[in-house]
Amino acid sequence: MKRDEIIAELFKLQDTKYAALQSKIVPTVDSDRIIGVRTPALRTFAKTLYMDEDIEQFLKALPHQYFDEDQLHAFVISQEKDLDKCISKVEEFLPFIDNWATCDQLSPKAFKKQPEKLLPYIKKWLRSDKVYTVRFAIGMLMEHFLDETFSTEYTDLVASLRFEEYYINMMTAWYFATALAKQYDSVLPYLELRKLDDRTHNKTIQKCVESRRISEQQKEYLKSLKVRRT
């Protein structure tokens with residue numbers, strides 16, 4: 001499929017009510033860039049396009065005109081099975097991501113097989129001046145390095161970040177809340193010693209209190225660590 005054919009297909013899948021909703025929850029994207037294709041339809045379309053011989057033309061046509069193209073792009077490269085090819089495609093795409101939704105939808109299957117090969121790239125992405133590249137890096141640490149591959153070395157990387165960007169700080173809070181659910185004893189000192197900025201610290205505690213994976217006893221203690229602003 002050529003790019004104009006892909007866009008025509010996206011408009012066939014358009015849901016105008018969904019487009020209106022998307023424009024509210026993804027405020028960094030101009031509403032006229034949102035077609036309004038629901039996520040399940042995009043995922044199905046992406047699986048078809050992944051096998052298309054012309055898909056590389058679409059992936060190289062950056063920046064895309066429509067938000068839905070960005071979403072589709074994320075789903076297509078998430079299908080890539082070869083890790084090296086996948087990383088290359090991710091690196092080409094990351095500088096053009098301009099919203100949290102596309103950033104968070106980008107979750108390549110290939111990354112699960114050899115997460116250790118990701119680390120040099122994650123460390124590089126964390127040093128980026130692009131908001132959603134940094135957010136993506138934090139998300140990858142959250143997705144792939146909080147279980148058997150966990151190390152406080154990675155938690156230190158996230159804790160050391162200092163940005164005024166809302167979408168980075170919210171991902172940092174999400175990371176720490178998830179880390180507390182999975183590695184409570186190792187991660188708790190980051191809150192006890194106030195290693196995060198105050199806003200992210202409190203947002204982490206809020207997310208923990210809302211989580212079903214944190215015990216009531218843990219929640220009560222975490223609430224006692226909340227930074228009281230004067």
Side-chain angles (χ1 to χ4, degrees), residues 25-29 70-71 73-75 77-78 83 86-87 89-184 186-191 193-211 213-214 222 227:
I25 65 175
V26 192
T28 60
V29 178
D70 287 332
Q71 294 286 84
H73 192 133
F75 290 136
I77 60 178
S78 291
L83 180 60
C86 187
I87 289 174
K89 290 177 180 178
V90 166
E91 291 218 287
E92 289 175 354
F93 185 44
L94 279 176
F96 297 96
I97 295 178
D98 62 359
N99 67 89
W100 69 265
T102 302
C103 178
D104 295 0
Q105 295 285 19
L106 183 57
S107 181
K109 296 179 179 179
F111 287 6
K112 297 179 181 179
K113 297 178 181 179
Q114 302 178 65
E116 69 284 351
K117 292 187 72 172
L118 274 181
L119 281 173
Y121 297 96
I122 288 175
K123 291 176 181 179
K124 180 177 71 172
W125 297 333
L126 285 172
R127 297 192 297 270
S128 174
D129 60 356
K130 301 286 187 181
V131 172
Y132 298 101
T133 298
V134 177
R135 182 181 171 100
F136 178 74
I138 300 169
M140 290 300 97
L141 284 174
M142 181 174 69
E143 187 171 345
H144 300 293
F145 294 92
L146 286 181
D147 295 300
E148 63 273 8
T149 53
F150 173 76
S151 168
T152 54
E153 172 194 349
Y154 313 139
T155 316
D156 287 340
L157 290 175
V158 182
S160 68
L161 297 174
R162 288 295 181 271
F163 287 92
E164 294 299 321
E165 296 289 348
Y166 173 83
Y167 290 102
I168 293 177
N169 294 336
M170 289 304 98
M171 177 58 83
T172 299
W174 186 8
Y175 169 88
F176 272 96
T178 305
L180 282 161
K182 294 188 173 187
Q183 305 288 346
Y184 184 82
S186 296
V187 177
L188 183 61
Y190 288 84
L191 295 186
L193 299 175
R194 300 270 295 274
K195 292 190 175 184
L196 306 177
D197 67 87
D198 290 352
R199 184 171 297 178
T200 305
H201 174 104
N202 284 348
K203 179 59 70 171
T204 297
I205 292 172
Q206 178 186 330
K207 286 181 175 294
C208 286
V209 171
E210 294 169 352
S211 173
R213 295 185 290 177
I214 304 287
L222 289 169
V227 176

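Heavy atoms only, all atoms of each residue included: C208 and L180 are closest at SG-CD1, 3.5 Å. Of all heavy-atom pairs spanning H201 and V227, the tightest one is CD2-CG2, 3.5 Å. The shortest heavy-atom contact between H144 and T149 is O-OG1, 2.7 Å. The shortest heavy-atom contact between T28 and D98 is OG1-O, 2.9 Å. Closest heavy-atom contact between K123 and E153: NZ-OE2, 3.2 Å. Q71 and T102 make their closest contact through OE1-OG1, 2.7 Å (heavy atoms, listed as atom of the first residue, atom of the second, distance).
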Derivation and outcome, side-chain contact (heavy atoms from CB on, under 4.5 Å), residues N169 and L196 = CA-CA 10 Å; N169 294 336; L196 306 177; over 6 Å; no
Pair I97-T133, side-chain contact (heavy atoms from CB on, under 4.5 Å): steps then yes or no = CA-CA 8 Å; I97 295 178; T133 298; over 6 Å; no
request  = Apply side-chain contact (heavy atoms from CB on, under 4.5 Å) to L161 and I138, showing your working.
outcome  = CA-CA 10 Å; L161 297 174; I138 300 169; 3.6 Å; yes
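Counting heavy-atom neighbours within 6.0 Å of K182 NZ, excluding the residue itself, gives a total above 12. The 12-atom threshold is not exceeded at CD of E164, counting heavy atoms of other residues, nucleotides or ligands nearer than 6.0 Å. Heavy atoms from other residues, nucleotides or ligands lying under 6.0 Å from NZ of K207 number more than 12. For Y166, the OH atom counts as loosely surrounded, since its 6.0 Å shell holds 12 or fewer non-hydrogen atoms of other residues, nucleotides or ligands. Under a cut-off of 6.0 angstrom, the local environment of OH in Y184 is crowded, with over 12 non-hydrogen atoms contributed by other residues, nucleotides or ligands.
Atoms CZ and OG1, on R199 and T172 in that order, are 13.0 Å from each other to the nearest 0.5 Å. Atom CD1 of I214 sits about 11.0 Å away from atom CD1 of I205, to the nearest 0.5 Å. Separating the CH2 atom in W174 from the OG1 atom in T204 is a distance of 13.0 Å, to the nearest 0.5 Å. The structure places NZ of K203 at 3.5 Å from CD of Q206, a figure rounded to the nearest 0.5 Å. The distance from atom OG of S78 to atom CD of Q105, rounded to the nearest 0.5 Å, is 8.5 Å. Within the model, atoms CG of N99 and CD1 of I25 stand 10.0 Å from one another, a figure rounded to the nearest 0.5 Å.
When atom types are taken as modelled, the side chain of R135 and the backbone of Y167 share a donor-acceptor pair closer than 3.5 angstrom.
Test W125, F96, F93 against F136 for ring pair (Phe, Tyr, Trp, His ring centres under 6.0 Å) and you get one pass: W125.
Aromatic ring orientation, F176 versus Y190: tilted (interplanar angle from 30° to 60°).
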